[in-house]
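First up is the structure itself, then whatever we jot down about it.
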Amino acid sequence: EIKLKMAPPINYYTDPDLLQNRPWAQRALVLSGGVIFNLILAFTLYFGEMTVGNGLPRPMFEPGAVVSAPPRVNAPSAGVLQPGDLILGING
């Protein structure tokens, strides 16, 4: 035999100022107003940064590869390469 537990009762408040007690049109207006404001704010900040600010950051690429960790002790480059060194070419 399977026994089902009853869900706890949901408390509904009768205050007419609560959003849950407003007509559906007012609830939809409030919810869509929040979404619309977020979209307007995002576009304003984006285009404000593009026009008034410095724009998007421009990546600066330099040739080479940076050594981020020292080589293993038994590696041929042990003691030669140090973290932070810049490798510009191989055999050249």
* Asked: Looking at Pro71 and Leu81, what are the two nearest heavy atoms and their distance?
  -> CD-O, 3.5 Å
* For Leu18, does its backbone N or O pair with a side-chain atom of Asn21 as donor and acceptor, under 3.5 Å? -> no
* Are Phe37 and Leu29 co-members of a hydrophobic cluster defined by side-chain heavy atoms under 4.5 Å apart? -> no
* Decide if atom CD of Gln20 counts as having more than 12 heavy atoms of other residues, nucleotides or ligands within a radius under 6.0 Å. => yes
* Between Met50 and Phe43, is there a shared hydrophobic cluster once you connect ILVMFWY residues whose side-chain heavy atoms come closer than 4.5 Å? -> yes
* Considering non-hydrogen atoms only, spot the tightest contact between Ala78 and Arg72 and give its length. => CB-O, 3.3 Å
* **Minimal non-hydrogen separation, Pro83 against Pro70, with atom names** => CG-CD, 3.6 Å
* Any residue meeting salt bridge (Lys or Arg N to Asp or Glu O under 4.0 Å) with Asp15, in chain and number order, not counting sequence neighbours -> none
* Report the distance from atom OG of Ser77 to atom CG of Asp85, rounding to the nearest 0.5 Å. => 10.0 Å
* Structure fact -> One should read off an interatomic distance between Leu41 CG and Ile36 CD1, to the nearest 0.5 angstrom, of 13.5 Å
* Nearest 0.5 Å please: distance from the CH2 atom of Trp24 over to the CG atom of Leu31. => 12.0 Å
* To do: For residues Arg27 and Arg22, report the shortest heavy-atom separation together with the two atoms involved.
  => NE-O, 3.4 Å
